[in-house]
Undergrad: 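If you scroll down you'll find the structure; I have some questions about it.
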Protein chains: 2
Amino acid sequence: MSVTYRKDLSRAVEDYLKAIYELQRGRQQVSTSALAERLGFASASVTGMLKKLHAQSPSLVKYQRHRGVTLTQTGEKIALEIIRHHRLIELYLIEALGYSWDEVHEEADRLEHFISESFEDRIATFLGEPEVDPHGDPIPTKEGYIAVSASTRLSALQVGESGRITKVLDEDPELLRYLTKLGLCPQAVVTVTQRDPFGGPIHIQTDAGATQMLGDRVTDSVYVELVQ
Amino acid sequence: MSVTYRKDLSRAVEDYLKAIYELQRGRQQVSTSALAERLGFASASVTGMLKKLHAQSPSLVKYQRHRGVTLTQTGEKIALEIIRHHRLIELYLIEALGYSWDEVHEEADRLEHFISESFEDRIATFLGEPEVDPHGDPIPTKEGYIAVSASTRLSALQVGESGRITKVLDEDPELLRYLTKLGLCPQAVVTVTQRDPFGGPIHIQTDAGATQMLGDRVTDSVYVELVQ
DNA sequence: TAAATGAATTAGTCGCGCCTAAAACGTGGA
DNA sequence: TCCACGTTTTAGGCGCGACTAATTCATTTA
C-alpha cells in the first residue's frame with residue numbers, strides 16, 4: 001500500500017500548480033507573465049510566489065530566474081488531482097443536480113479545492129468512473145494518468161471533411177450557450193462545407209442538417225476527431 | 001423583489017458569526033473566552049477579530065469591550081445562512097452520496113462556506129425542502145427562519161417516561177457511531193427504566209427492546225420530545 | 001557592439017488573521 | 001474599602017499573498 005504524503009496546500013498554491021500545468025502544454029517552461037495573465041495577478045506577485053514555492057516546496061516546482069517555471073513529477077501529480085476534482089465536479093453538477101453546461105465552471109473552480117478524497121471517490125463512483133468531462137476533456141485517474149486525445153482544431157478541417165466534436169477548450173458561459181444553441185457539443189458531428197484556404201470564418205453543416213458560419217473564436221476552441 | 005446585498009465574507013468571519021450564534025442561545029452576550037474556546041483560538045486573537053468586525057462591519061456584530069459580543073439582525077441572518085448550508089449539506093451527503101451519520105460533519109464544515117446559492121437551492125430541491133437535518137436539528141429557511149423545538153434532554157426524563165429522540169447535539173464521530181450501534185438516532189423512542197434522582201447514569205429501553213445504561217455525556221446531548 | 005525595448009525581479013507596503021507576553025480591567029471576598 | 005484573581009485587552013510580531021514603483025536583465029535591432 002503506497003501512502004503518498006501530501007502537505008496541505010493553500011488554495012492559492014493549488015491554483016498556481018493548476019495554471020502552470022495548463023500553460024505547460026508543449027512548452028517546457030512557463031513564463032512569469034503568462035502565469036500572471038492567466039491568474040489575473042501582477043507579474044511581480046507571481047515572481048514572489050514562484051520564489052517562495054521554489055524555496056519552500058522544491059518538490060513541487062522548478063523555477064529559474066528569468067527562465068520560467070516547470071512542474072516536478074509531484075507538482076504535476078497534484079495539478080492533475082485538482083483537475084480531476086474540477087472535471088468530476090462539473091460532470092456531477094450536470095448529471096446529479098441538473099446544472100447546464102455553461103453554469104458549472106465557476107462552481108467547480110471553487111469547490112475543487114475543498115472536497116475531501118472521500119467526496120471525490122463517491123461522486124466518481126456515482127458517475128460510473130467517467131473518463132471525460134462535459135467539455136470532452138479527459139478526466140485524470142486517481143493515479144494521475146491522463147489520456148491524450150488525437151483531436152485537432154475545427155479550424156484545421158478542410159472542405160468536405162467531417163469531424164466528431166471531442167472537446168471545447170473555452171469555459172465562457174456565453175460561448176457555451178451559443179454552442180449549445182447550435183448543437184455543437186461533444187459527440188456532435190460536423191462537416192465543413194466552405195472555407196477560405198487562408199483562414200478566417202468557415203461554413204459547417206451540423207448532423208442535424210443546419211448550416212452555420214463560424215469565426216476563429218469558435219473554430220479554434222472546438223476540437224474534433226476526423227470521421228469517415 | 002427584495003435584493004439583499006451581502007458583502008462577500010471570508011471563511012473566518014463566517015465561522016465567527018456561526019460560533020457566536022451557537023453560543024448565544026439564552027445568553028444575551030457571548031464572552032471573548034467562550035468564543036475563543038469554541039473556535040480553538042487564543043482569546044487575544046478573538047478580541048482582535050471582534051474589534052475589527054465591530055469597526056468594519058457594524059452591521060453584523062455589536063461588541064462592547066469587556067462585555068462581550070452579540071449578533072445584529074443581519075449578522076444572525078448570515079449565521080443562519082451558513083447553518084442552513086451546513087445542515088443541507090450533511091443531509092445531502094447522506095441521502096445522495098451514501099455517507100454515514102458520523103462522516104458528514106467535517107465535510108460540511110468546510111463546504112458550507114464555498115457552495116453557491118444555486119447549489120444550495122438545488123440540493124434543497126433534491127431533498128424535498130427538508131426541515132430537519134440528520135441530527136434532528138431544524139434547517140433554517142432561506143429567509144432565515146428557524147423552528148424552535150420543544151424537546152428536552154434525555155437526562156431530564158423520569159423513570160417510566162418515554163421520549164422520541166429529536167436531535168443529538170454532538171458531532172463527535174465516535175459518539176455518533178456508538179449511538180448508531182444502540183439505535184439511538186432521531187425518531188427512535190426510548191423509555192427510562194431506572195435512574196438515580198440525583199443525576200448520573202440512567203437506564204433506558206430502546207424501541208427495539210434492548211436495555212442500556214447511559215452516562216452524562218450521552219444523556220446530555222440526546223434530546224427527546226415526550227411521548228404518551 | 002551598443003543602444004533600445006520589453007520581460008522579470010527587487011524593494012517596499014498593505015490587509016488579513018493568527019500568535020505570545022504583558023498590562024489593564026472589574027469583580028467577589030476579606 | 002481594598003486586594004487578589006481571573007478575564008480581557010493592548011502591544012508587538014509573523015507568515016501569507018496580493019499590490020505599485022523602481023530597477024535590472026536579456027534579447028533584439030541598428
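Keep in mind that the numbers below use all heavy atoms, side chains included, and drop hydrogens, waters and symmetry copies. The sequence lines fix the lettering, A, B, ..., with proteins before strands; numbering per chain opens at 1.
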Undergrad: Distance from Leu60(B) atom CG to Lys77(B) atom NZ, nearest 0.5 Å?
TA: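 It comes to 12.5 Å.
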Undergrad: I need the CZ-P distance between Arg11(B) and dC16(D), as an integer number of Å.
TA: 18 Å
Undergrad: Report yes if a side-chain nitrogen or oxygen of Gln56(A) is closer than 4.0 Å to either non-bridging phosphate oxygen (OP1 or OP2) of dC16(D); otherwise report no.
TA: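 Checking Gln56(A) against dC16(D): at least one side-chain N or O falls below 4.0 Å of OP1 or OP2.
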Undergrad: How long is the line joining CD of Gln64(B) and P of dT9(D), in whole Å?
TA: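 One finds 11 Å between P of dT9(D) and CD of Gln64(B), rounded.
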Undergrad: Taking salt bridge (charged side-chain N to carboxylate O under 4.0 Å, His left out) as the definition, give me every residue that meets it alongside Glu90(A), ordered by chain and number, with sequence neighbours left out.
TA: none
Undergrad: Could you check whether Arg25(A) makes a cation-pi contact with Tyr21(A), meaning its NZ or CZ is under 6.0 Å from the centre of the six-membered ring and within 45° of the ring axis?
TA: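 Checked: cation-pi criterion met.
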Undergrad: Please report, rounded to the nearest Å, how far the C1' atom of dC18(C) is from the NZ atom of Lys51(B).
TA: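 Taking NZ of Lys51(B) and C1' of dC18(C), I get 15 Å after rounding.
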Undergrad: Short of 4.0 Å, heavy atom to strand atom, which residues of residues 40-49 of chain B count as contacting DNA chain D?
TA: Ser43(B), Ala44(B), Thr47(B)
Undergrad: Calculate the interatomic distance between Asp15(B) atom CG and dC18(C) atom P; express it in whole Å.
TA: 9 Å
Undergrad: Would you mind telling me which residue lines up with the more 5' stretch of DNA chain D, Arg67(A) or Val13(A), judged by nearest nucleotide?
TA: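 Nearer the 5' end of the strand: Val13(A).
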Undergrad: Measure from the side-chain heavy atoms of Arg65(B) and tell me the nearest of dT9(C), dT7(D), dT9(D).
TA: dT9(D)
Undergrad: Of the candidate nucleotides dA8(C), dT8(D), dG17(D), which contains the atom at the shortest distance from the side chain of Ser33(B)?
TA: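 Side chain of Ser33(B) sits closest to dT8(D).
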Undergrad: Send over the distance from Tyr16(B) OH to dG17(C) C1', rounded to a whole Å.
TA: 8 Å
Undergrad: May I have the distance from His113(A) (atom NE2) to dG17(D) (atom P), rounded to whole angstrom?
TA: 13 Å
Undergrad: Any cation-pi pair here, Arg67(A) with Tyr63(A), using under 6.0 Å and within 45°?
TA: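 Not satisfied by the 6.0 Å and 45° rule.
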Undergrad: Using the ring of each side chain (for Trp, its six-membered ring), is Tyr92(A) parallel, tilted or perpendicular to Tyr92(B), with breaks at 30° and 60°?
TA: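 If you compare the ring of Tyr92(A) with that of Tyr92(B), the planes turn out perpendicular.
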Undergrad: Side chain of His66(A): nearest nucleotide among dT10(C), dT10(D), dA26(D)?
TA: dA26(D)
Undergrad: Rounded to the Å, how far apart are Leu35(B) CG and dT9(D) P?
TA: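 In whole Å, dT9(D) P lies 11 Å from Leu35(B) CG.
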Undergrad: For dA7(C), take OP1 and OP2 only and decide whether either is under 4.0 Å from a side-chain N or O of Ser31(A).
TA: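 So the side chain of Ser31(A) is outside the cut-off, no N or O lying under 4.0 Å from OP1 or OP2 of dA7(C).
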Undergrad: Could you check how far CG of Leu9(A) sits from P of dG15(D), rounded to whole Å?
TA: 19 Å
Undergrad: Output yes when Lys142(B) and Glu117(B) qualify as a salt bridge under the 4.0 Å nitrogen-oxygen rule, no when they do not.
TA: yes
Undergrad: Over 60° means perpendicular and under 30° means parallel, so classify the ring planes of Tyr99(B) and Phe119(A), tilted if in between.
TA: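 Tilted, since the angle between the ring planes falls between 30° and 60°.
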